[in-house]
Enquirer: 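Below is the structure I would like to discuss, written out as structure tokens.
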Amino acid sequence: MEKEIKEKMEKDDLLEILYVLEQGEYGIGIHGIDKGSIEEKKNRAESIINQGLKINNNSKTILSTSISLGINDYNQRISQEIMGYQFGNGAKVNVVIAVPLHIQSETGKKIFFGFPEQNKRTSGQQYEEHCILDRICSRLRNLPLQFILGYYCENPDGSESFVKNRQHYSNLTIDKKEDFFNEIFSKMDSISKGYNDLIANGNIERLNQIKEKMSEMGWTSFIVEDSILLAQKYKNPNISQKNIRDDRDDLDY
């Protein structure tokens, strides 16, 4: 009975943390740690909390080292998938990624990150950038620690717990959020800034023109498609997540 109560409380902690995040405004991912003992896995997770998640040199997306659960539209589903995800053998230790779809400076300027749509494949995902976040992280060779929500793990006694990252973006002070905004903006290249400006201005027509041109040349356009969805979402803030997903289904791949 005591074990059941303990497990319920610890599982509820993860749900509580997810509920703190503004619904529909964060992309959620999982980096599963597959090698080592439970303590070695936990140490690795702690290192990621403190340093961020490394992106390999030849990779263009965070999907090279994580899976995407999509947007935090339903926290119960998200928590169940985090607790149920198993990568490799042994006890589960899953680092949870939570990236705001955009951040804003004190002057009102925005950086639109976006997030890869739901994708649970674990191989062959490193070749194509899916959103502005990917482009920034591939330049940094790292997913910043401010986007690591914490880690979920199974303990040797059979209980489960979630270790919160107190440096996650949602926990930052206004001053630290401003510093982080300036740091990220300084790392953006001209292409990322160009897409960002089109999203901020709601210039969906121009984004569609770019998408069509890329399609004619046989290039993938995931980052443009994600930019179109963000422009639609923030040009019409009341648009539902369902409509956004329906629009994604209508895009030509």
Side-chain angles (χ1 to χ4, degrees), residues 21-29 55 59-64 66-74 97-105 107-121 124-140 143 147 169 181 184-253:
L21 304 178
E22 188 175 357
Q23 188 171 353
E25 294 294 333
Y26 280 79
I28 307 295
I55 307 294
S59 299
K60 295 184 178 182
T61 171
I62 65 169
L63 293 178
S64 63
S66 61
I67 65 168
S68 169
L69 302 183
I71 305 305
N72 64 331
D73 54 353
Y74 184 50
I97 298 164
V99 180
L101 298 186
H102 77 279
I103 59 176
Q104 183 170 316
S105 72
T107 63
K109 191 169 186 177
K110 294 179 180 180
I111 297 174
F112 293 90
F113 293 114
F115 200 75
E117 67 176 322
Q118 192 172 50
N119 189 320
K120 298 179 183 179
R121 287 176 288 175
Q125 301 297 295
Q126 68 268 35
Y127 304 110
E128 305 291 347
E129 56 195 14
H130 290 246
C131 52
I132 292 176
L133 173 70
D134 280 342
R135 193 165 185 90
I136 293 172
C137 290
S138 65
R139 284 172 61 83
L140 295 174
L143 178 72
F147 295 154
Y169 184 80
F181 181 97
I184 293 297
F185 187 78
S186 70
K187 303 297 184 181
M188 294 174 70
D189 63 6
S190 59
I191 294 176
S192 293
K193 289 179 179 178
Y195 284 132
N196 195 73
D197 287 345
L198 290 172
I199 297 168
N201 294 325
N203 197 340
I204 299 170
E205 181 180 357
R206 177 57 182 153
L207 286 166
N208 276 316
Q209 290 173 351
I210 295 172
K211 178 179 176 291
E212 290 173 7
K213 186 67 174 178
M214 292 178 71
S215 179
E216 290 173 1
M217 300 179 71
W219 296 348
T220 57
S221 55
F222 296 128
I223 189 170
V224 185
E225 293 162 3
D226 191 72
S227 297
I228 291 169
L229 297 178
L230 286 171
Q232 291 173 334
K233 175 179 174 65
Y234 292 104
K235 186 174 183 179
N236 302 289
N238 294 325
I239 189 170
S240 70
Q241 289 297 313
K242 180 180 184 302
N243 287 340
I244 290 174
R245 287 193 295 271
D246 289 345
D247 287 342
R248 186 189 292 274
D249 292 339
D250 290 339
L251 291 172
D252 297 326
Y253 285 82

Enquirer: Taking side chain as C-beta onward, heavy atoms only, is Met188 less than 4.5 Å from Ile136?
Expert: yes
Enquirer: If you compare all heavy atoms of Ala98 against all heavy atoms of Pro100, which two are closest, and at what distance to 0.1 Å?
Expert: O-CD, 3.9 Å
Enquirer: side-chain contact (heavy atoms from CB on, under 4.5 Å) for Ile132 and Ile199? Distances and angles first, verdict last.
Expert: CA-CA 11 Å; Ile132 292 176; Ile199 297 168; 3.9 Å; yes
Enquirer: Could you point out which residue of Ile67, Asn72, Ile71 forms a side-chain contact (heavy atoms from CB on, under 4.5 Å) with Leu69?
Expert: Ile67
Enquirer: Nearest 0.5 Å, please: how far is OH in Tyr169 from CD1 in Ile184?
Expert: 10.5 Å
Enquirer: To the nearest 0.5 Å, what is the distance between CG on Leu101 and CD1 on Ile111?
Expert: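 Rounded to the nearest 0.5 Å, the CG-CD1 separation comes out at 13.5 Å.
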Enquirer: Closest approach of Phe113 and Asp226, non-hydrogen atoms and distance?
Expert: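 Looking at all heavy atoms of both residues, the shortest contact is O-OD2, 4.3 Å.
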Enquirer: Describe, in one word, how the ring planes of Tyr234 and Phe112 are oriented to each other, choosing from parallel (under 30°), tilted (30 to 60°) and perpendicular (over 60°).
Expert: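 Ring orientation of Tyr234 relative to Phe112: tilted.
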Enquirer: Report the C-alpha separation of Lys211 and Glu225 in whole Å, then their side-chain angles, then the decisive distance to 0.1 Å, and conclude whether the side-chain contact (heavy atoms from CB on, under 4.5 Å) test is met.
Expert: CA-CA 7 Å; Lys211 178 179 176 291; Glu225 293 162 3; 3.7 Å; yes
Enquirer: How long is the span from the CD atom in Gln209 to the CZ atom in Arg206, to the nearest 0.5 Å?
Expert: 5.5 Å
Enquirer: Judged by atom type as modelled, is there a donor-acceptor pair below 3.5 Å linking the side chain of Asn196 to the main-chain atoms of Lys110?
Expert: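 Yes, Asn196 side chain to Lys110 backbone: donor-acceptor pair under 3.5 Å.
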Enquirer: Please examine the side chains of Tyr127 and Thr220, heavy atoms only from C-beta on, and report whether any two atoms are closer than 4.5 Å.
Expert: no
Enquirer: Does Thr107 offer a backbone N or O that forms a donor-acceptor pair with the side chain of Ser105 under 3.5 Å?
Expert: yes
Enquirer: So, do Ile210 and Tyr195 sit near enough that their side-chain heavy atoms are less than 4.5 Å apart?
Expert: yes
Enquirer: Does some side-chain heavy atom of Cys131 sit less than 4.5 Å from a side-chain heavy atom of Pro116?
Expert: yes
Enquirer: Give a yes or no on whether Lys109 atom NZ has more than 12 heavy-atom contacts from other residues, nucleotides or ligands under 6.0 Å away.
Expert: no
Enquirer: Just how far is it from atom CG of Leu63 to atom CD of Glu117, taken to the nearest 0.5 Å?
Expert: 9.5 Å
Enquirer: Could you check if a side-chain atom of Phe222 sits within less than 4.5 angstrom of a side-chain atom of Asp134, using non-hydrogen atoms only?
Expert: no
Enquirer: Contact between Ile223 and Ile191 at the side-chain level, heavy atoms closer than 4.5 Å - yes or no?
Expert: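 When only atoms from C-beta onward are counted, Ile191 and Ile223 do not touch, as no gap falls below 4.5 Å.
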Enquirer: Does the Ser66 side chain pair with the main chain of Ile62, one donor and one acceptor, at a distance under 3.5 Å?
Expert: yes
Enquirer: Could you tell me whether the side chain of Gln118 and the main chain of Ser68 form a donor-acceptor pair under 3.5 Å?
Expert: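 Judged by distance alone, no pair lies under 3.5 Å.
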Enquirer: Has Arg135 got a side-chain atom pairing as donor or acceptor with Glu129's backbone, closer than 3.5 angstrom?
Expert: no
Enquirer: With side-chain contact (heavy atoms from CB on, under 4.5 Å) as the test, would you mind laying out the steps for Glu25 and His102 before giving the verdict?
Expert: CA-CA 8 Å; Glu25 294 294 333; His102 77 279; 4.1 Å; yes
Enquirer: Are Phe115 and Ile28 packed together at the side-chain level, in the sense that at least one heavy-atom pair is separated by less than 4.5 angstrom?
Expert: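 A side-chain contact under 4.5 Å is absent here.
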Enquirer: Before you tell me yes or no, could you show the steps for Phe185 and Lys193 under side-chain contact (heavy atoms from CB on, under 4.5 Å), namely the whole-Å CA-CA distance, both residues' side-chain angles and the distance that decides it to 0.1 Å?
Expert: CA-CA 8 Å; Phe185 187 78; Lys193 289 179 179 178; 3.9 Å; yes
Enquirer: About how many Å separate OG of Ser138 and CG of Leu143, when rounded to the nearest 0.5 Å?
Expert: 11.5 Å
Enquirer: Kindly give the heavy-atom pair with the smallest separation between Leu133 and Phe147, and that separation in Å.
Expert: CD1-CE1, 4.0 Å
Enquirer: Decide yes or no for Ile228 and Asn208: does some side-chain heavy atom of the first lie under 4.5 Å from some side-chain heavy atom of the second?
Expert: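 In short, these two side chains touch, coming nearer than 4.5 Å.
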Enquirer: Compare every heavy atom of Ala231 with every heavy atom of Leu207, then report the nearest pair and how far apart it is.
Expert: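 For Leu207 versus Ala231, the nearest heavy atoms are CD1-CB, 4.1 Å.
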Enquirer: Determine the minimum heavy-atom distance between Cys137 and Ile55, stating which atoms define it.
Expert: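 Minimum heavy-atom contact is O-CG1, 4.2 Å.
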Enquirer: How many angstroms lie between atom CG of Asn203 and atom CG of Asp197, to the nearest 0.5 angstrom?
Expert: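 Reported to 0.5 Å precision, the distance equals 10.5 Å.
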